[in-house]
2 protein chains.
Amino acid sequence: MKEGAQLTQAETGKRYDVFHADCPAREMVDHVTSRWGVWVLISLRNNDLRFYELRDSIQGISEKMLTQTLRALVQDGLIWREVEPTTPPKVTYGLSEFGQEVSEPLTDLFDRITQRLPPRSAG
Amino acid sequence: MKEGAQLTQAETGKRYDVFHADCPAREMVDHVTSRWGVWVLISLRNNDLRFYELRDSIQGISEKMLTQTLRALVQDGLIWREVEPTTPPKVTYGLSEFGQEVSEPLTDLFDRITQRLPPRSAG
DNA sequence: CAGGATCCTATCCGATACTG
DNA sequence: CAGTATCGGATAGGATCCTG
């Protein structure tokens, strides 16, 4: 058997033998933690959103990057995409079950950082 | 007061009003979820590591990027750096308390993805 | 061993224009 | 509204050489 399979943290307690380059999880994690992927996934945690809602929600994202990010995440099976062929068209995105699984630790990460960060309102 | 302060997920249940561009957490999250930052943080979860151990641990990373990533994470207060001025020098890195806080959800994310991913050994 | 400095390339990504 | 296609600047990041 070709090695290169990835081990979970639980299995690797011993030393530092993780992160082979050909690990399939590498690519997936890279998508999830991509510059905009993080925010798309977190945005969709509360509710499904339409394209323009996502755009407005995530300040600074361009339509191009939103499109690209959404496409990648849909391909990865993390979010679904529903098209209502009305005029004008209406496209809605939401988390798949897997997407919810994944967005949980992401939200957790986000919350831990914001909580730790500046007591900005203290000033 | 200038708005733009970030709200935690818990507070925003209502709609999609998160992710202002000037949110301080944005930058921090971007560092943490950077291409290599993720793997450095996860690598250090089990034990402190020396420079070359990190390099060997994270397949595909160049020394340049490892250096850059480490420097950024040290500046953010996520990891510490200890230099023993021997010959040759010996530099060790490890997670700060904050770094441990942050690497937890990251490891969680990683584990969820690897568990979900291909039953590669099924073939 | 643990980097710094330099060069150079790939890609990211925003701006713009166009489509159904 | 929700994209696609194209162009060009900015940046990420690899390769190589050099230092304490």
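All of these numbers come straight from a predicted model, not from anything done at the bench. Order of the sequence lines fixes the chain letters, A, B, ..., with proteins taken first and strands second; residue numbering starts at 1 for each chain.
- Partners of A/Asp30 by salt bridge (charged side-chain N to carboxylate O under 4.0 Å, His left out), not counting sequence neighbours, listed by chain and number: B/Arg35.
- Annotation: of the two residues near DNA chain C, B/Arg55 and B/Thr67, the 5′-most nearest-nucleotide partner is B/Arg55.
- The stretch residues 81-89 of chain A comes close to DNA chain D through A/Arg81, A/Pro88, A/Pro89, each having a heavy atom under 4.0 Å from the strand.
- Between A/Leu41 atom CG and A/Gln100 atom CD the span is 11.0 Å, to the nearest 0.5 Å.
- Rounding to the nearest 0.5 Å gives a distance of 11.0 Å between CZ of B/Phe98 and OG of B/Ser103.
- A/Ser43 contributes atom OG, which lies 4.0 Å from atom CD1 of A/Ile58 (distance to the nearest 0.5 angstrom).
- Applying the salt bridge (charged side-chain N to carboxylate O under 4.0 Å, His left out) test to B/Glu27 and every residue at least two apart in sequence or in another chain returns nothing.
- Counting only residues at least two apart or on different chains, no side chain to side chain donor-acceptor pair (under 3.5 Å) pair has a member in residues 64-74 of chain A.
- The side chain to side chain donor-acceptor pair (under 3.5 Å) check on A/Arg55 picks up A/Glu63, with sequence neighbours excluded.
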N/O donor to acceptor pairs below 3.5 angstrom from side-chain atoms of residues 75-84 of chain A, sequence neighbours left out:
unit_1  : atom_1 : unit_2  : atom_2 : d
A/Asp76 : OD2    : A/His31 : ND1    : 2.5
A/Trp80 : NE1    : A/Leu95 : O      : 3.3
A/Arg81 : NH1    : A/Tyr93 : OH     : 3.2

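- Here the C1' atom of nucleotide D/dG3 and the CD1 atom of A/Ile61 are 14 Å apart, to the nearest Å.
- Here the CZ atom belonging to A/Arg50 is positioned 11.0 Å from the CG atom belonging to A/Asp56, to the nearest 0.5 angstrom.
- Not a single salt bridge (charged side-chain N to carboxylate O under 4.0 Å, His left out) links B/Glu97 to another residue, sequence neighbours left out.
- Using five terminal pairs a side, the axes of the helix from C/dC1-D/dG20 to C/dG20-D/dC1 at its two ends make an angle of 50°, given in steps of 10 degrees.
- In this structure, the separation between CG on B/Leu70 and CE on B/Met65 is 10.5 Å, given to the nearest 0.5 Å.
- Under the salt bridge (charged side-chain N to carboxylate O under 4.0 Å, His left out) criterion, B/Arg112 pairs with A/Glu101, A/Glu104, B/Asp108, not counting sequence neighbours.
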Fill in the blank from the handout: Readout for nucleotides 8-13 of chain D: B = base within 4.0 Å of protein heavy atom, S = sugar-phosphate only, - = neither; 5' to 3' it is -----B
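- Across all strands shown, B/Arg71 has heavy atoms under 4.0 Å from sugar-phosphate atoms exclusively, and none from any base.
- Counting to the nearest Å, the C1' atom of D/dA2 and the CZ atom of A/Arg50 are 9 Å from each other.
- Counting heavy atoms from C-beta on, the side chains of B/Leu54 and B/Trp39 never come closer than 4.5 Å.
- Protein chain B contacts DNA chain C over a range whose 5' and 3' limits, counting nucleotides with an atom under 4.0 angstrom from a non-hydrogen atom, are C/dC1 to C/dC7.
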